[in-house]
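The basis for the numbers below is simple: all heavy atoms, side chains too, and nothing from hydrogens, waters or symmetry mates. Here is the naming used below: chain letters follow the sequence lines, and residue numbers restart at 1 for every chain.
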Number of protein chains: 2
Amino acid sequence: MTGTGSRTSSPTLDEVAVLAGVSRATVSRVVNESPRVSPEAREAVHAAIAHLHYVPNRAARSLVTRRTDTIALVLSESDTMVFSDPFFASIVRGVSAAIAETELNLVLLSARDAREQEKVGRYARQGHVDGVILMSLHREDPLPDILTAAGVPLVFCGRPFDGRPVAYVDADNSGGGVLATEHLLAAGRRHVATVTGPMDMIAGVDRFAGYRTALERAGRPQRPEHVAHGDFSEAGGARAMTELLERAPELDAVFVASDPMAVGALRALRGAGRRVPDDVAVVGFDDAEVAAACDPPLTTVAQPLADMTPLLTELLLRQIDGVAETAESRICPTRLVARASA
Amino acid sequence: MTGTGSRTSSPTLDEVAVLAGVSRATVSRVVNESPRVSPEAREAVHAAIAHLHYVPNRAARSLVTRRTDTIALVLSESDTMVFSDPFFASIVRGVSAAIAETELNLVLLSARDAREQEKVGRYARQGHVDGVILMSLHREDPLPDILTAAGVPLVFCGRPFDGRPVAYVDADNSGGGVLATEHLLAAGRRHVATVTGPMDMIAGVDRFAGYRTALERAGRPQRPEHVAHGDFSEAGGARAMTELLERAPELDAVFVASDPMAVGALRALRGAGRRVPDDVAVVGFDDAEVAAACDPPLTTVAQPLADMTPLLTELLLRQIDGVAETAESRICPTRLVARASA
DNA sequence: GACGTTGATGGAAGCGCTCTCACTTTTTCG
DNA sequence: CGAAAAAGTGAGAGCGCTTCCATCAACGTC
């Protein structure tokens with residue numbers, strides 16, 4: 001505790017009360033829009049507030065209300081990923097928009113490494129936020145346990161690995177994987193490979209599961225050399241595609257578990273002289289903006305982000321307001337968007 | 001104020017004091033690491049804290065200390081931009097890392113539209129944060145005024161438009177523009193065009209100024225048809241490059257004011273059948289990761305981000321601690337990174 | 001051995017706000 | 001016209017914490 005800063009001390013509720021000629025309680029009522037205030041008092045208070053540029057001190061209010069009116073969106077991912085994958089942008093934008101409708105504030109917290117995760121945990125436990133939305137969870141992430149233990153209202157963006165009873169919203173990833181794979185099969189493709197997401201993320205696991213389910217239903221063999229693991233990044237997608245071409249040159253279709261990876265795969269295919277969709281059909285996942293823009297336009301599985309982000313927010317607010325009975329969760333349907341690549 | 005939530009009320013300082021058999025004052029001293037506590041008392045308190053899982057209530061502490069130990073990094077930009085331009089990622093990562101060294105928390109706030117700007121302003125005035133780093137400022141952004149009026153310690157990432165006396169850190173953008181343009185000139189290029197950044201951002205303006213300065217120094221005419229305005233995005237860069245090729249087909253070099261735009265420009269040039277660097281030399285700005293990876297590798301102007309982000313943090317902390325005399329600011333030198341594109 | 005010193009500790013006063021409760025005034029209705 | 005209900009208001013008790021100040025024990029010092 002070195003200095004004091006030069007912040008001119010702002011006016012308090014008392015000063016407003018004195019100026020308005022009423023009691024502190026009345027000022028508080030006006031500020032909190034209680035209906036039981038006479039119009040005259042209300043006006044006097046408003047005038048005083050305007051005159052003094054009064055702004056309520058949040059710490060004092062929080063101390064008694066036990067609320068901060070801010071929620072955190074925690075990005076549990078390397079920021080290279082966060083800032084390059086359009087999926088994150090979409091979620092942030094969507095949640096942000098949903099929160100903007102309310103009186104709440106939204107803060108973004110990054111939790112890339114153990115140290116930052118610890119800080120986020122402390123931040124939440126200290127009562128800085130009323131609730132947390134956790135996204136991009138990896139299998140071993142300690143944050144779910146930390147935050148659950150802290151008793152903070154919590155919603156996951158994405159199904160949790162263990163079946164823990166927690167509120168979450170997710171796209172139907174496995175259903176989407178089935179959709180994509182069946183689309184390829186229905187087009188008469190014989191050798192359908194896949195570039196999966198990271199296997200320590202549920203979206204990676206579930207989309208892969210969908211691929212396998214579809215093959216199984218079609219009575220097709222699952223060949224290990226048709227599976228390469230990516231990391232949801234464009235570079236990773238290119239790498240995995242190259243690997244696949246080496247191991248299984250006969251492939252004529254590939255389900256790539258994210259659009260950025262699909263862009264990389266497209267590049268790798270072009271580099272290898274394969275034409276899309278003539279030689280190899282490609283289906284991506286996400287329906288990111290880039291999907292429609294790339295060459296050829298990418299057939300992909302769309303997630304209903306427009307539904308998911310408000311839902312995420314709603315579930316959290318319900319928990320905060322204490323009206324959520326049990327941990328609710330929602331799986332949102334995915335749909336295939338057919339374009340030229342498959 | 002509907003419900004109460006089910007958060008089990010956490011233990012207070014008093015309870016710790018009772019359990020440890022000391023006074024509240026002593027517990028507070030231990031928590032705040034005051035040296036004037038006997039080892040026995042300290043140990044007893046630590047034991048009690050561990051036993052109760054005590055976490056200090058931040059609101060109560062802030063109320064008296066007038067500090068929150070959190071600072072905000074405000075992204076005053078559309079999130080499409082934020083999430084696609086690697087420059088943002090670098091700043092966020094750098095500041096994040098610098099903050100991680102300290103006891104402070106970092107929150108990211110988005111301020112895309114007037115409504116969000118208002119919220120950010122309120123958030124700061126209500127005392128949620130000890131200081132603010134403002135980045136990606138556009139000319140008409142109201143946030144600087146709002147935050148200055150709020151008396152919040154403030155550092156700009158980027159020189160302010162007006163010469164207001166405010167702390168800021170910026171790269172030497174105009175110097176970088178000179179560097180890039182002179183490099184092109186020195187290579188014997190006769191018709192050096194430029195794709196600028198947005199003219200409502202200081203980085204766009206300054207880099208363009210550098211381009212003009214270099215032409216002037218070399219005694220070359222400044223031709224309006226050699227200037228096209230971009231928006232720092234890849235698509236914008238491609239668009240501007242196309243425009244340039246139409247207006248000034250004779251051009252044999254172009255200074256593109258950001259790497260993402262340069263990638264777009266490279267694409268446009270390839271599309272138009274121009275070879276780089278044979279027909280047209282290209283210099284970018286930022287030295288983003290993509291610069292080394294693209295084809296051909298991009299000659300670009302590097303910003304010393306590794307210096308800038310700690311500086312940004314340091315300047316802010318100094319203000320918060322009240323040791324900053326006046327508004328300090330720093331311009332960090334840029335340097336040319338020569339690669340194949342020019 | 002009386003004295004100031006030093007170090008450790010607890011009592012208590014707030015920080016700025018909310019909210020219960022009691023009080024006064026006004027309205028309503030039998 | 002009186003009693004009950006409703007409406008508006010203020011006093012005051014905290015919320016959990018820090019910190020000033022007083023206290024007290026243990027320590028040299030002459």
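Here the side chains of A/S76 and A/H138 are not in contact, with every heavy-atom distance at 4.5 Å or above.
Rounded to an integer number of Å, the gap from B/R66 CZ to C/dC15 P is 9 Å. When rounded to the nearest whole Å, the span between CZ of B/R36 and C1' of D/dT19 equals 14 Å. If you take CZ of A/R24 and C1' of D/dG10, they are 10 Å apart, rounded to a whole angstrom. A straight line from CG of B/N57 to P of C/dC17 spans 16 Å, rounded to a whole angstrom. Rounded to an integer number of Å, the gap from A/E33 CD to C/dC17 P is 16 Å. For the pair B/R67 CZ and D/dC17 P, the interatomic distance rounds to 18 Å; values are reported in whole Å. Rounding to whole angstrom units, CG of residue A/L13 and P of C/dC19 are separated by 12 Å. B/R58 has its CZ atom 17 Å from the C1' atom of D/dC15, to the nearest Å.
Phosphate proximity of D/dT18 to B/R61: present, with a side-chain N or O under 4.0 Å from OP1 or OP2. Residue B/S23 places none of its side-chain N or O atoms closer than 4.0 Å to OP1 or OP2 of C/dT9. Between A/S28 and C/dC17 there is no side-chain N or O to OP1 or OP2 distance below 4.0 Å. Between A/S38 and D/dT9, a side-chain N or O to OP1/OP2 separation shorter than 4.0 Å is present. Side-chain N/O atoms of A/N32 include one lying less than 4.0 angstrom from OP1 or OP2 on C/dT18.
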Throw together a table of side-chain donor-acceptor distances under 3.5 angstrom for residues 36-48 of chain B, partners on residues two or more places apart or in other chains.
residue	atom	partner	partner atom	Å
B/S38	OG	B/A41	N	3.2
B/R42	NH2	B/V37	O	3.1
B/H46	ND1	B/R42	O	3.4

Show me the donor-acceptor pairs within less than 3.5 Å that the side chains of residues 143-152 of chain B make with the rest of the protein, sequence neighbours left out.
residue	atom	partner	partner atom	Å
B/D145	OD1	B/R164	NH1	3.1
B/D145	OD1	B/R164	NH2	3.0
B/T148	OG1	B/P144	O	2.6

Under 3.5 Å, side-chain donor or acceptor atoms of residues 89-106 of chain B against the rest of the protein: list the pairs with distances, not counting sequence neighbours.
residue	atom	partner	partner atom	Å
B/S90	OG	B/P86	O	3.1
B/R93	NE	A/D79	OD1	3.1
B/S96	OG	A/R112	NH2	3.4
B/S96	OG	A/E116	OE2	3.1
B/T102	OG1	B/I99	O	2.7
B/T102	OG1	B/L104	N	3.0

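Not a single salt bridge (charged side-chain N to carboxylate O under 4.0 Å, His left out) links B/E15 to another residue, sequence neighbours left out. Residues satisfying the salt bridge (charged side-chain N to carboxylate O under 4.0 Å, His left out) criterion with B/D113, sequence neighbours excluded, are absent altogether. Take B/F87 and apply the ring pair (Phe, Tyr, Trp, His ring centres under 6.0 Å) test, not counting sequence neighbours, and it matches no residue. Contacts of A/D14 classified as salt bridge (charged side-chain N to carboxylate O under 4.0 Å, His left out), with partners at least two apart in sequence or in another chain: A/R24. With sequence neighbours excluded, no residue satisfies ring pair (Phe, Tyr, Trp, His ring centres under 6.0 Å) with A/Y168.
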In B/S/- notation (B base, S sugar-phosphate only, - none; protein heavy atoms under 4.0 Å), nucleotides 20-25 of chain C written 5' to 3' is B-----

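Among the heavy atoms of the strands lying under 4.0 Å from A/V37 are primed sugar atoms or P, OP1, OP2 only; no base atom is included. Across all strands, B/V22 comes closer than 4.0 Å only to sugar-phosphate atoms, never to a base (heavy-atom distances).
Sorted by first then second residue, the ring-ring contact (aromatic ring centres under 6.0 Å, His included) pairs that include residues 145-164 of chain A, not counting sequence neighbours, number zero.
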Criterion side chain to side chain donor-acceptor pair (under 3.5 Å) on B/N57 and A/R125, from CA distance to verdict: CA-CA 8 Å; B/N57 176 316; A/R125 270 193 320 233; over 6 Å; no

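Comparing B/A60 and A/V64 by the nucleotide of DNA chain C whose heavy atom lies nearest to each, the residue mapping closer to the 5' end is B/A60. Comparing B/A59 and B/T26 by the nucleotide of DNA chain D that holds the closest heavy atom to each, the one mapping nearer the 5' end is B/A59.
Across residues 40-52 of chain A, not one residue has a non-hydrogen atom less than 4.0 Å from an atom of DNA chain C.
Of the charged side-chain nitrogens involved, none lies within less than 4.0 Å of a carboxylate oxygen, so that A/R66 and A/D130 do not count as a salt-bridged pair.
Comparing the helix axis at one end of the helix from C/dG1-D/dC30 to C/dG30-D/dC1 with that at the other, each defined from 5 consecutive pairs, gives an inter-axis angle of 40° (nearest 10°).
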